[in-house]
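Everything on this sheet refers to the single structure shown next.
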Number of protein chains: 2
Amino acid sequence: MGKIPTVYDVATRAGVSIATVSRVFSRPESVKEETRRRVLESVDALGYVPSGAARGLAARRTGVLGLFFPGLDAMDDIADIPFDDGDALTGSATIVRDVAGAVDTRPLNLYFDEVLRGSELEAWRSGFVLLVGVGRGDTAHDTVRDMAGRVDGLVVLAGSASEDELLQLARRIPVVVMAGPSRGDELDHVSVSNAEGMNALVTHLIVDLGVNDIAYVAGSTDSPDDEERWRGFRSALHAAGIEAPAGPALRGDFTREGGRRAGRELLSREHLPRAVVCANDQMALGVIDTARIAGLEVPTQLIVTGFDGIDAGRLSTPRLTTVRQPMERLGRAAVQVLVRRLSEPERSAMSVRLPVEVILRESSEPA
Amino acid sequence: MGKIPTVYDVATRAGVSIATVSRVFSRPESVKEETRRRVLESVDALGYVPSGAARGLAARRTGVLGLFFPGLDAMDDIADIPFDDGDALTGSATIVRDVAGAVDTRPLNLYFDEVLRGSELEAWRSGFVLLVGVGRGDTAHDTVRDMAGRVDGLVVLAGSASEDELLQLARRIPVVVMAGPSRGDELDHVSVSNAEGMNALVTHLIVDLGVNDIAYVAGSTDSPDDEERWRGFRSALHAAGIEAPAGPALRGDFTREGGRRAGRELLSREHLPRAVVCANDQMALGVIDTARIAGLEVPTQLIVTGFDGIDAGRLSTPRLTTVRQPMERLGRAAVQVLVRRLSEPERSAMSVRLPVEVILRESSEPA
DNA sequence: CTGAAAGCGCTAACAC
DNA sequence: GTGTTAGCGCTTTCAG
């Protein structure tokens with residue numbers, strides 16, 4: 001790779017000082033046209049690329065924003081994925097016949113995908129690049145810290161790091177918490193209207209559709225959103241004067257399979273409710289799977305609703321009524337808040353709550 | 001934010017030298033138990049987080065890998081997405097009735113999502129974090145360079161930067177090119193078996209299904225994969241002794257709408273082929289849309305196939321026959337090659353070609 | 001408009 | 001084991 005050119009090399013070749021080279025990059029207009037031209041010519045000729053590390057150290061800002069997620073990919077598919085050099089060199093294709101009903105791949109990753117996309121977009125708009133990290137197992141701790149050391153600000157998904165850890169990191173750089181329950185502390189926070197969305201959906205079922213016999217399928221208790229959605233469900237029942245149980249009777253784990261199980265349990269009971277409201281789309285799709293197998297027609301015999309607004313719900317039959325979270329906007333908002341915080345360090349903590357949309361489709365409304 | 005603690009602060013408080021503090025992080029076992037404890041105690045008390053910039057500068061390695069994509073999101077949805085502080089503080093939810101047939105969101109982003117996920121996973125396994133950047137418009141140039149200055153190695157999706165640019169950057173750090181045509185130069189390259197996959201699919205149509213009247217819908221000419229897929233199509237016809245046109249007669253732009261247009265053009269002709277093979281799934285779904293509107297039954301009257309293996313193709317009716325690209329593996333392989341290159345700088349350029357799978361579903365095989 | 005010089009916070013020999 | 005001491009490659013006053 002030879003020797004990597006530095007400012008000194010460029011300066012020497014262009015017959016200027018390193019300060020001038022630096023200026024050409026930071027405030028080009030402050031350098032005389034002719035001088036600038038010479039510098040750029042050298043940059044090009046030498047293939048000079050400024051060292052981000054050196055810049056960051058000297059300027060005390062890196063131009064990088066961090067995005068940290070909890071790692072919920074299955075740890076078992078993390079095995080090595082070897083490619084023999086020989087084997088890999090020749091292209092190949094095998095033929096597979098896909099029997100219907102294959103399991104759904106990519107669990108709830110879609111959530112991250114969209115948040116990430118929004119974050120990246122917004123970071124770019126503000127002139128930053130994005131460092132992404134996933135906290136997996138016991139390396140999570142080190143990963144965030146490492147990231148915190150390299151960025152100007154950090155967006156952290158609720159639940160991916162401990163509260164103490166975050167507060168600690170916040171002493172060094174601004175930290176924005178994304179999703180999860182609202183918080184009164186010193187960290188900026190961005191979330192969506194989980195409770196309000198669920199409330200609006202359930203209220204629609206009760207008021208507009210005249211349904212008053214509704215079962216609820218909750219998700220994992222460790223999810224920050226799960227609790228809020230249940231609260232929204234409960235408050236809608238309350239408002240309608242319907243007695244609400246103290247806690248959800250059915251609980252899945254946010255997966256489609258979990259929804260299928262919950263569905264089976266529901267069907268095994270003596271009484272079938274008119275509607276089943278699920279804490280997310282995956283589980284709702286699972287409940288529909290079970291209903292179909294049992295010969296129950298959705299929505300005429302059983303109304304099913306989800307939450308999130310994933311694509312699979314738009315493509316299913318019947319299409320799924322749901323509450324759409326603005327995931328991409330969530331990512332964008334988080335970065336916006338972060339960037340703003342960067343310029344106004346003293347401002348008091350912000351808490352942004354994004355609106356959601358209840359999307360009515362055929363799983364609740366007969367066509 | 002107060003003063004940010006440095007190694008010096010930690011060293012002073014623990015009564016050791018900065019070298020020892022540094023060692024506690026890099027080779028903990030080389031420091032006496034008791035000393036290490038004192039240092040860690042100080043780290044904790046002060047909330048010390050090592051500066052990535054300083055580390056990177058001194059060690060000449062950053063522990064960061066870069067992933068650079070071309071930006072193909074629509075530039076128009078990049079407008080500001082303002083949130084008034086007041087408005088945003090109160091949660092809210094609106095109700096929307098989703099009429100069927102809404103346009104498909106998220107064009108071919110899914111490709112990136114998966115590649116990104118694979119890359120991140122592999123980077124994590126190797127102890128790196130990932131810096132992601134998207135080249136949008138005329139900032140693309142600056143963005144890659146900026147990234148190149150901050151990472152130990154870079155994975156670049158073919159077409160997102162000019163050849164010259166890449167070669168230039170490769171003088172500073174290892175660069176792995178992902179996708180696109182195979183290349184004989186000095187850059188490492190990772191791709192999938194586009195031609196082989198298309199060939200296998202078309203051969204199946206001809207040999208197993210007895211189809212010999214096949215139309216082809218190509219994608220944008222600027223896609224590096226488009227050409228290869230066409231080649232695979234052509235070679236399959238050749239092998240079967242069927243005359244193949246010099247170039248694709250129909251061309252979409254890889255979008256569903258493009259597929260619909262191509263479908264309409266096809267149907268307007270005097271002769272209807274038995275099958276239409278598309279350069280990607282989105283277009284295939286678009287062709288199916290058109291066929292349905294025209295009252296043509298797929299696959300009995302018209303066979304339609306795609307390429308990529310996106311989820312929408314698994315969820316469509318009929319389900320789409322396609323060639324699945326191992327996108328996540330592609331991302332993983334690219335990072336693996338990069339990491340390997342990092343440890344063996346002198347090794348000659350590698351070219352890895354990943355296998356694909358032809359997935360047979362109801363859009364080509366009557367149930 | 002340009003140059004000189006002082007760091008930025010850490011790692012990595014090299015001594016002790 | 002632990003301390004000393006050079007830098008790493010830039011940015012940023014401060015002069016001129």
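Model, not experiment: these values are computed from the prediction. The sequence lines fix the lettering, A, B, ..., with proteins before strands; numbering per chain opens at 1. The basis for the numbers below is simple: all heavy atoms, side chains too, and nothing from hydrogens, waters or symmetry mates.
Computed from coordinates, the B:R60 CZ to C:dA12 C1' distance equals 9 Å when rounded to whole Å. Following rounding to the nearest Å, B:R61 (CZ) and D:dC8 (C1') show an atom-to-atom distance of 14 Å. Following rounding to the nearest Å, A:D146 (CG) and C:dG9 (C1') show an atom-to-atom distance of 15 Å.
Screening A:R125, A:R341, A:E122 against A:Q336 for a side-chain hydrogen bond (donor to acceptor under 3.5 Å, both in side chains) leaves a single residue, A:E122. Each of B:R36, B:K32, B:R38 was compared with B:E34 under the salt bridge (charged side-chain N to carboxylate O under 4.0 Å, His left out) criterion, and only B:R38 meets it.
Annotation for A:P70 and A:S160: closest pair N-CB, 3.3 Å, computed over non-hydrogen atoms. Between B:R171 and A:L46, the closest heavy-atom pair is NH2-O, 2.9 Å. Between B:V151 and B:G66, the shortest heavy-atom distance links the atoms CG1-N, 3.7 Å.
Over its full length, the helix from C:dC1-D:dG16 to C:dC16-D:dG1 turns its helical axis through 20°, comparing axes from the five pairs at each end and rounding to 10°.
Two residues are said to be in side-chain contact when any heavy atoms from C-beta on lie closer than 4.5 Å; B:L121 and B:R332 meet this criterion.
Separation of atoms CD (A:E114) and CG (A:L330) is listed at 10.5 Å; rounding is to 0.5 Å.
Within residues 32-51 of chain A, the residues that place at least one heavy atom under 4.0 Å from DNA chain C are, in residue-number order, A:K32, A:T35. Of the residues in residues 7-28 of chain B, those lying under 4.0 Å from DNA chain C by heavy-atom distance are B:V7, B:Y8, B:I18, B:A19, B:S22, B:R23.
Here the side chain of B:S26 pairs a donor or acceptor atom with the backbone of B:S22 at under 3.5 angstrom.
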Take A:R340 and A:D188 through the test salt bridge (charged side-chain N to carboxylate O under 4.0 Å, His left out) and record every step on the way to the result. CA-CA 11 Å; A:R340 183 147 163 189; A:D188 293 316; over 6 Å; no
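Of the side-chain N and O atoms in A:R55, one or more sit less than 4.0 angstrom from OP1 or OP2 of D:dT11.
Side-chain contact, B:W124 with A:T139: a donor N or O sits under 3.5 Å from an acceptor N or O.
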